[in-house]
Asks: 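One structure follows; several queries about it will come next.
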Amino acid sequence: MSDIGEKAILRHIRSRIPSWGVGLVLGVGDDAAVVETGPRTLVTTDSLVEGIDFRSEWTPPTLLGRRVLTINASDIAAMGGVPRHATVSLCLRPDVTFGFVDAFYDGLLERCAELGINLIGGNLSATHGSIVIDVTLIGEAHECLLRSGALAGDCVAVTGTLGAAAAGARLLTQGARLNAEGGLSSTGLWTESSSAAVLHCLRANLDPAPPLTVARSLAERGFVHAAIDLSDGLSGDLMALCAESNLSAWIDPERIPLNQHAVNLERARGGDALALALHGGDDYQLLVAVPAEKVEDAVAEAMMWDVKLTCIGGFEAGEPLVSLKMDQTLTALSCVTQDHFKGVKRPG
Ligand SMILES: [Mg+2]
(Lines give C-alpha, C1' and ligand atoms only; values in the text may rest on other atoms or scores of the structure.)
Protein backbone atom coordinates (compact mmCIF):
# COMPACT_ATOMS: atom_id res chain seq x y z
CA MET A 1 0.00 0.00 0.00
CA SER A 2 2.82 2.40 0.86
CA ASP A 3 4.21 1.94 -2.70
CA ILE A 4 0.96 2.98 -4.34
CA GLY A 5 -0.13 5.86 -2.08
CA GLU A 6 -3.46 6.95 -0.71
CA LYS A 7 -4.53 9.20 -3.59
CA ALA A 8 -4.01 6.50 -6.22
CA ILE A 9 -5.87 3.93 -4.12
CA LEU A 10 -8.80 6.32 -3.61
CA ARG A 11 -8.89 7.08 -7.35
CA HIS A 12 -9.00 3.37 -8.09
CA ILE A 13 -11.72 2.69 -5.52
CA ARG A 14 -13.77 5.64 -6.79
CA SER A 15 -13.56 4.37 -10.35
CA ARG A 16 -15.21 1.13 -9.20
CA ILE A 17 -18.20 2.70 -7.41
CA PRO A 18 -21.43 3.28 -9.39
CA SER A 19 -22.51 6.94 -9.33
CA TRP A 20 -26.25 6.33 -9.63
CA GLY A 21 -28.87 4.51 -7.59
CA VAL A 22 -32.26 4.84 -5.90
CA GLY A 23 -32.33 7.95 -3.68
CA LEU A 24 -28.78 8.93 -4.62
CA VAL A 25 -28.46 12.65 -5.50
CA LEU A 26 -24.67 12.94 -5.31
CA GLY A 27 -22.32 10.04 -4.66
CA VAL A 28 -18.62 9.71 -3.91
CA GLY A 29 -16.29 12.62 -4.70
CA ASP A 30 -17.45 15.74 -2.88
CA ASP A 31 -17.05 16.66 0.80
CA ALA A 32 -20.25 14.76 1.54
CA ALA A 33 -22.76 12.64 -0.34
CA VAL A 34 -26.34 13.80 -0.89
CA VAL A 35 -29.17 11.27 -0.53
CA GLU A 36 -32.93 11.14 -0.18
CA THR A 37 -34.62 8.70 2.17
CA GLY A 38 -38.19 7.73 3.01
CA PRO A 39 -40.59 8.76 5.77
CA ARG A 40 -38.29 7.41 8.52
CA THR A 41 -34.49 7.34 8.19
CA LEU A 42 -32.64 4.51 9.96
CA VAL A 43 -28.93 4.75 10.72
CA THR A 44 -26.73 1.94 12.03
CA THR A 45 -23.02 1.33 12.27
CA ASP A 46 -20.85 -1.70 12.95
CA SER A 47 -17.12 -2.27 12.85
CA LEU A 48 -14.99 -5.35 12.31
CA VAL A 49 -11.67 -5.25 14.13
CA GLU A 50 -8.92 -7.68 13.14
CA GLY A 51 -8.17 -10.09 15.95
CA ILE A 52 -11.44 -9.27 17.74
CA ASP A 53 -14.25 -9.62 15.19
CA PHE A 54 -12.37 -11.44 12.45
CA ARG A 55 -9.05 -13.13 11.77
CA SER A 56 -7.30 -12.34 8.51
CA GLU A 57 -6.02 -15.90 8.17
CA TRP A 58 -9.60 -17.26 8.44
CA THR A 59 -11.39 -14.72 6.27
CA PRO A 60 -10.84 -14.12 2.56
CA PRO A 61 -11.05 -10.31 2.04
CA THR A 62 -13.89 -10.73 -0.47
CA LEU A 63 -16.04 -12.35 2.21
CA LEU A 64 -14.99 -9.68 4.71
CA GLY A 65 -16.41 -7.05 2.35
CA ARG A 66 -19.66 -8.99 1.99
CA ARG A 67 -19.98 -9.69 5.71
CA VAL A 68 -19.51 -6.15 7.01
CA LEU A 69 -22.34 -4.95 4.77
CA THR A 70 -24.56 -7.95 5.55
CA ILE A 71 -24.39 -7.54 9.33
CA ASN A 72 -25.35 -3.88 9.07
CA ALA A 73 -28.18 -4.73 6.64
CA SER A 74 -29.41 -7.30 9.16
CA ASP A 75 -29.84 -4.51 11.74
CA ILE A 76 -31.80 -2.33 9.31
CA ALA A 77 -33.98 -5.34 8.40
CA ALA A 78 -34.66 -6.09 12.07
CA MET A 79 -36.06 -2.54 12.35
CA GLY A 80 -38.49 -3.28 9.50
CA GLY A 81 -36.49 -1.10 7.12
CA VAL A 82 -34.85 -1.23 3.70
CA PRO A 83 -31.07 -0.59 3.45
CA ARG A 84 -30.24 2.22 1.00
CA HIS A 85 -26.85 3.94 1.42
CA ALA A 86 -23.56 2.88 2.97
CA THR A 87 -20.23 4.49 3.83
CA VAL A 88 -17.11 2.47 4.60
CA SER A 89 -14.08 3.49 6.59
CA LEU A 90 -10.88 1.43 6.41
CA CYS A 91 -7.88 1.73 8.74
CA LEU A 92 -5.06 -0.35 7.25
CA ARG A 93 -1.50 -1.16 8.16
CA PRO A 94 1.04 0.01 5.55
CA ASP A 95 1.93 -3.67 4.90
CA VAL A 96 -1.63 -4.55 3.77
CA THR A 97 -1.54 -5.30 0.06
CA PHE A 98 -3.41 -3.48 -2.65
CA GLY A 99 -4.83 -6.89 -3.60
CA PHE A 100 -6.46 -7.13 -0.16
CA VAL A 101 -8.20 -3.76 -0.62
CA ASP A 102 -9.34 -4.58 -4.15
CA ALA A 103 -10.69 -7.98 -3.07
CA PHE A 104 -12.44 -6.39 -0.08
CA TYR A 105 -14.17 -3.98 -2.48
CA ASP A 106 -15.03 -6.90 -4.80
CA GLY A 107 -17.09 -8.39 -1.97
CA LEU A 108 -18.47 -5.11 -0.71
CA LEU A 109 -19.63 -3.91 -4.14
CA GLU A 110 -21.03 -7.36 -5.01
CA ARG A 111 -23.13 -7.35 -1.83
CA CYS A 112 -24.17 -3.71 -2.43
CA ALA A 113 -25.44 -4.71 -5.88
CA GLU A 114 -27.30 -7.75 -4.47
CA LEU A 115 -29.04 -5.66 -1.80
CA GLY A 116 -29.64 -2.48 -3.86
CA ILE A 117 -27.38 -0.41 -1.58
CA ASN A 118 -25.51 2.68 -2.85
CA LEU A 119 -21.93 3.02 -1.64
CA ILE A 120 -21.84 6.79 -1.10
CA GLY A 121 -18.49 7.47 0.51
CA GLY A 122 -15.81 6.47 2.88
CA ASN A 123 -12.50 7.07 4.42
CA LEU A 124 -9.05 5.55 4.25
CA SER A 125 -6.55 5.87 7.05
CA ALA A 126 -3.50 4.07 8.39
CA THR A 127 -3.00 2.13 11.58
CA HIS A 128 0.01 0.58 13.25
CA GLY A 129 -2.18 -2.08 14.86
CA SER A 130 -5.17 -4.16 13.79
CA ILE A 131 -7.11 -3.55 10.61
CA VAL A 132 -10.40 -1.76 11.36
CA ILE A 133 -13.34 -1.84 8.95
CA ASP A 134 -16.27 0.36 9.78
CA VAL A 135 -19.54 0.58 7.86
CA THR A 136 -22.39 2.99 8.43
CA LEU A 137 -25.63 2.04 6.74
CA ILE A 138 -28.61 4.32 6.14
CA GLY A 139 -32.02 2.77 5.58
CA GLU A 140 -35.61 3.83 5.33
CA ALA A 141 -38.89 2.61 6.77
CA HIS A 142 -42.56 3.47 6.97
CA GLU A 143 -43.09 1.81 10.34
CA CYS A 144 -40.19 0.97 12.62
CA LEU A 145 -40.11 -2.31 14.49
CA LEU A 146 -38.60 -1.89 17.96
CA ARG A 147 -37.17 -4.20 20.61
CA SER A 148 -39.52 -2.64 23.15
CA GLY A 149 -42.81 -3.63 21.50
CA ALA A 150 -43.33 -7.22 22.76
CA LEU A 151 -46.45 -7.84 24.86
CA ALA A 152 -47.22 -10.50 27.48
CA GLY A 153 -48.88 -13.43 25.67
CA ASP A 154 -46.89 -12.93 22.43
CA CYS A 155 -45.09 -15.94 21.00
CA VAL A 156 -41.30 -16.01 20.74
CA ALA A 157 -40.51 -16.93 17.12
CA VAL A 158 -37.34 -17.28 15.07
CA THR A 159 -36.61 -17.41 11.35
CA GLY A 160 -34.54 -20.08 9.62
CA THR A 161 -32.36 -22.49 11.57
CA LEU A 162 -29.81 -21.84 14.31
CA GLY A 163 -26.34 -23.10 15.20
CA ALA A 164 -24.60 -23.29 11.82
CA ALA A 165 -22.53 -20.11 12.25
CA ALA A 166 -21.26 -21.21 15.66
CA ALA A 167 -20.43 -24.65 14.25
CA GLY A 168 -18.53 -22.78 11.51
CA ALA A 169 -16.58 -20.81 14.14
CA ARG A 170 -15.51 -24.07 15.79
CA LEU A 171 -14.42 -25.50 12.43
CA LEU A 172 -12.32 -22.38 11.79
CA THR A 173 -10.49 -22.87 15.08
CA GLN A 174 -9.78 -26.44 13.95
CA GLY A 175 -8.23 -25.30 10.69
CA ALA A 176 -11.09 -25.53 8.17
CA ARG A 177 -10.96 -22.68 5.64
CA LEU A 178 -12.87 -21.20 2.73
CA ASN A 179 -10.93 -20.08 -0.33
CA ALA A 180 -11.48 -16.73 -2.08
CA GLU A 181 -14.19 -18.29 -4.27
CA GLY A 182 -16.14 -19.44 -1.22
CA GLY A 183 -15.25 -23.13 -1.68
CA LEU A 184 -13.56 -25.45 0.82
CA SER A 185 -9.80 -25.25 1.09
CA SER A 186 -8.53 -28.76 1.47
CA THR A 187 -6.90 -29.41 4.83
CA GLY A 188 -8.18 -32.94 5.31
CA LEU A 189 -10.33 -32.12 8.35
CA TRP A 190 -13.43 -33.73 6.95
CA THR A 191 -14.56 -36.82 5.16
CA GLU A 192 -16.33 -36.73 1.83
CA SER A 193 -19.64 -37.29 3.59
CA SER A 194 -19.18 -34.33 5.93
CA SER A 195 -17.77 -31.83 3.41
CA ALA A 196 -21.21 -30.39 2.52
CA ALA A 197 -21.96 -29.78 6.20
CA VAL A 198 -18.52 -28.22 6.78
CA LEU A 199 -18.94 -25.93 3.77
CA HIS A 200 -22.45 -24.93 4.87
CA CYS A 201 -21.35 -24.02 8.40
CA LEU A 202 -18.23 -22.12 7.28
CA ARG A 203 -20.34 -20.10 4.85
CA ALA A 204 -22.95 -19.44 7.53
CA ASN A 205 -20.19 -17.94 9.66
CA LEU A 206 -18.15 -16.05 7.05
CA ASP A 207 -20.85 -15.09 4.55
CA PRO A 208 -24.17 -14.96 6.44
CA ALA A 209 -27.45 -14.66 4.53
CA PRO A 210 -30.01 -13.09 6.87
CA PRO A 211 -33.66 -12.76 5.88
CA LEU A 212 -33.80 -9.08 4.92
CA THR A 213 -37.37 -8.59 3.77
CA VAL A 214 -39.59 -10.69 6.00
CA ALA A 215 -39.56 -8.45 9.11
CA ARG A 216 -40.77 -5.47 7.10
CA SER A 217 -43.51 -7.52 5.52
CA LEU A 218 -44.62 -8.95 8.89
CA ALA A 219 -44.56 -5.47 10.47
CA GLU A 220 -46.65 -3.90 7.70
CA ARG A 221 -49.35 -6.53 8.24
CA GLY A 222 -49.36 -6.19 12.02
CA PHE A 223 -48.08 -9.77 12.49
CA VAL A 224 -45.16 -8.81 14.79
CA HIS A 225 -44.83 -6.51 17.79
CA ALA A 226 -41.03 -6.49 18.22
CA ALA A 227 -37.86 -7.81 16.56
CA ILE A 228 -34.13 -8.17 17.03
CA ASP A 229 -31.55 -9.86 14.83
CA LEU A 230 -29.62 -12.78 16.33
CA SER A 231 -26.00 -11.64 16.50
CA ASP A 232 -24.99 -12.59 20.06
CA GLY A 233 -27.06 -15.78 20.23
CA LEU A 234 -30.65 -16.74 21.01
CA SER A 235 -30.22 -16.57 24.79
CA GLY A 236 -28.52 -13.14 24.89
CA ASP A 237 -30.63 -11.51 22.19
CA LEU A 238 -33.90 -12.80 23.69
CA MET A 239 -32.76 -11.35 27.02
CA ALA A 240 -32.12 -8.00 25.28
CA LEU A 241 -35.63 -8.08 23.85
CA CYS A 242 -37.06 -8.98 27.28
CA ALA A 243 -35.15 -6.12 28.92
CA GLU A 244 -36.39 -3.55 26.39
CA SER A 245 -39.99 -4.84 26.57
CA ASN A 246 -39.82 -5.36 30.36
CA LEU A 247 -41.06 -8.96 30.11
CA SER A 248 -39.82 -12.45 30.87
CA ALA A 249 -39.74 -15.19 28.24
CA TRP A 250 -39.60 -18.98 28.08
CA ILE A 251 -38.46 -21.21 25.26
CA ASP A 252 -39.09 -24.91 24.64
CA PRO A 253 -35.70 -26.35 23.62
CA GLU A 254 -37.39 -29.08 21.57
CA ARG A 255 -39.01 -26.47 19.34
CA ILE A 256 -35.77 -24.61 18.51
CA PRO A 257 -35.08 -25.15 14.79
CA LEU A 258 -31.54 -26.55 14.94
CA ASN A 259 -29.51 -26.42 11.76
CA GLN A 260 -29.28 -30.01 10.53
CA HIS A 261 -25.69 -29.68 9.30
CA ALA A 262 -24.64 -28.35 12.72
CA VAL A 263 -26.53 -31.22 14.40
CA ASN A 264 -24.75 -33.82 12.25
CA LEU A 265 -21.29 -32.32 12.80
CA GLU A 266 -21.85 -31.94 16.55
CA ARG A 267 -23.23 -35.47 16.86
CA ALA A 268 -20.12 -36.85 15.16
CA ARG A 269 -17.88 -35.21 17.78
CA GLY A 270 -20.14 -35.81 20.78
CA GLY A 271 -21.04 -32.12 21.00
CA ASP A 272 -24.31 -30.30 21.59
CA ALA A 273 -25.96 -28.41 18.73
CA LEU A 274 -28.57 -27.02 21.13
CA ALA A 275 -25.87 -25.12 23.04
CA LEU A 276 -24.61 -23.67 19.74
CA ALA A 277 -28.13 -22.53 18.86
CA LEU A 278 -28.74 -21.01 22.31
CA HIS A 279 -25.41 -19.32 22.92
CA GLY A 280 -23.33 -19.51 19.74
CA GLY A 281 -24.34 -16.33 17.94
CA ASP A 282 -23.63 -14.94 14.47
CA ASP A 283 -26.71 -16.65 12.97
CA TYR A 284 -28.21 -13.30 11.84
CA GLN A 285 -31.68 -14.77 11.82
CA LEU A 286 -34.59 -12.79 13.28
CA LEU A 287 -36.14 -13.17 16.70
CA VAL A 288 -39.67 -11.73 16.75
CA ALA A 289 -42.61 -11.31 19.11
CA VAL A 290 -45.75 -12.51 17.35
CA PRO A 291 -49.26 -11.88 18.75
CA ALA A 292 -50.61 -15.35 19.67
CA GLU A 293 -53.68 -14.99 17.43
CA LYS A 294 -51.48 -14.03 14.45
CA VAL A 295 -49.01 -16.94 14.57
CA GLU A 296 -50.57 -18.85 11.64
CA ASP A 297 -50.78 -15.68 9.54
CA ALA A 298 -47.19 -14.78 10.37
CA VAL A 299 -45.90 -18.26 9.49
CA ALA A 300 -47.79 -18.17 6.17
CA GLU A 301 -46.55 -14.65 5.36
CA ALA A 302 -42.94 -15.64 6.11
CA MET A 303 -43.37 -18.65 3.82
CA MET A 304 -44.25 -16.23 1.00
CA TRP A 305 -40.66 -14.94 1.36
CA ASP A 306 -39.33 -18.50 1.51
CA VAL A 307 -38.54 -18.03 5.20
CA LYS A 308 -39.40 -20.62 7.83
CA LEU A 309 -40.81 -18.98 10.97
CA THR A 310 -40.97 -21.19 14.08
CA CYS A 311 -42.76 -20.41 17.33
CA ILE A 312 -40.46 -21.60 20.13
CA GLY A 313 -41.88 -20.05 23.28
CA GLY A 314 -43.74 -17.13 24.82
CA PHE A 315 -43.47 -13.78 26.58
CA GLU A 316 -44.96 -13.34 30.03
CA ALA A 317 -45.35 -10.53 32.52
CA GLY A 318 -42.44 -10.44 34.94
CA GLU A 319 -38.89 -9.30 35.50
CA PRO A 320 -36.67 -9.69 32.41
CA LEU A 321 -35.53 -13.30 32.48
CA VAL A 322 -35.18 -16.12 29.93
CA SER A 323 -36.09 -19.68 30.94
CA LEU A 324 -36.09 -23.08 29.31
CA LYS A 325 -39.42 -24.90 29.65
CA MET A 326 -39.22 -28.69 29.89
CA ASP A 327 -42.13 -30.84 31.14
CA GLN A 328 -43.87 -27.68 32.37
CA THR A 329 -40.82 -26.87 34.53
CA LEU A 330 -39.02 -23.56 34.02
CA THR A 331 -35.24 -23.39 34.40
CA ALA A 332 -33.60 -19.97 34.26
CA LEU A 333 -31.14 -19.77 31.38
CA SER A 334 -27.80 -18.07 31.83
CA CYS A 335 -27.64 -15.79 28.83
CA VAL A 336 -24.56 -15.22 26.73
CA THR A 337 -23.90 -11.69 25.62
CA GLN A 338 -21.15 -10.10 23.61
CA ASP A 339 -18.73 -8.12 25.74
CA HIS A 340 -15.64 -6.92 23.89
CA PHE A 341 -14.02 -5.69 27.10
CA LYS A 342 -14.54 -8.78 29.26
CA GLY A 343 -13.80 -11.43 26.65
CA VAL A 344 -15.47 -12.17 23.36
CA LYS A 345 -18.49 -14.07 24.66
CA ARG A 346 -19.43 -14.73 28.22
CA PRO A 347 -22.46 -15.74 30.29
CA GLY A 348 -24.13 -12.60 31.65
MG1 LIG B 1 -28.67 -6.18 15.92
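Every number for a ligand or one of its atoms is a count from 1 in the order of the listing. Just so you know, these numbers use all the heavy atoms, side chains as well, and skip hydrogens, waters and symmetry mates. In this text, all values refer to a predicted model and were calculated from it rather than measured experimentally.
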Asks: With a 4.5 Å limit on heavy-atom distance, are the side chains of H225 and F315 in contact?
Replies: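 No. Closest side-chain heavy atoms not under 4.5 Å.
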Asks: Please indicate how many protein N/O/S atoms are found closer than 2.8 Å to the Mg ion (ligand 1), with waters neither displayed nor included.
Replies: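 That number is 2, waters not included.
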Asks: Any chance the side chains of R111 and T70 put a donor and an acceptor closer than 3.5 Å?
Replies: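 A pair is found: one side chain offers a donor N or O, the other an acceptor, under 3.5 Å apart.
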Asks: Main chain of D46, side chain of N72: is a donor-acceptor contact present, judged purely on distance under 3.5 Å?
Replies: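 Judged by distance alone, yes, a pair lies under 3.5 Å.
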Asks: Hey, does L172 have a side-chain heavy atom less than 4.5 Å from the side chain of R177?
Replies: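 Yes - at least one pair of side-chain heavy atoms lies under 4.5 Å apart.
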Asks: Got a salt bridge between R93 and E50, using NZ or NE/NH1/NH2 to carboxylate O under 4.0 Å?
Replies: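 Salt bridge flag = yes for E50 with R93.
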Asks: Compare every heavy atom of C201 with every heavy atom of L171, then report the nearest pair and how far apart it is.
Replies: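 Taking L171 first and C201 second, the nearest heavy atoms are CD1-CB, 4.0 Å.
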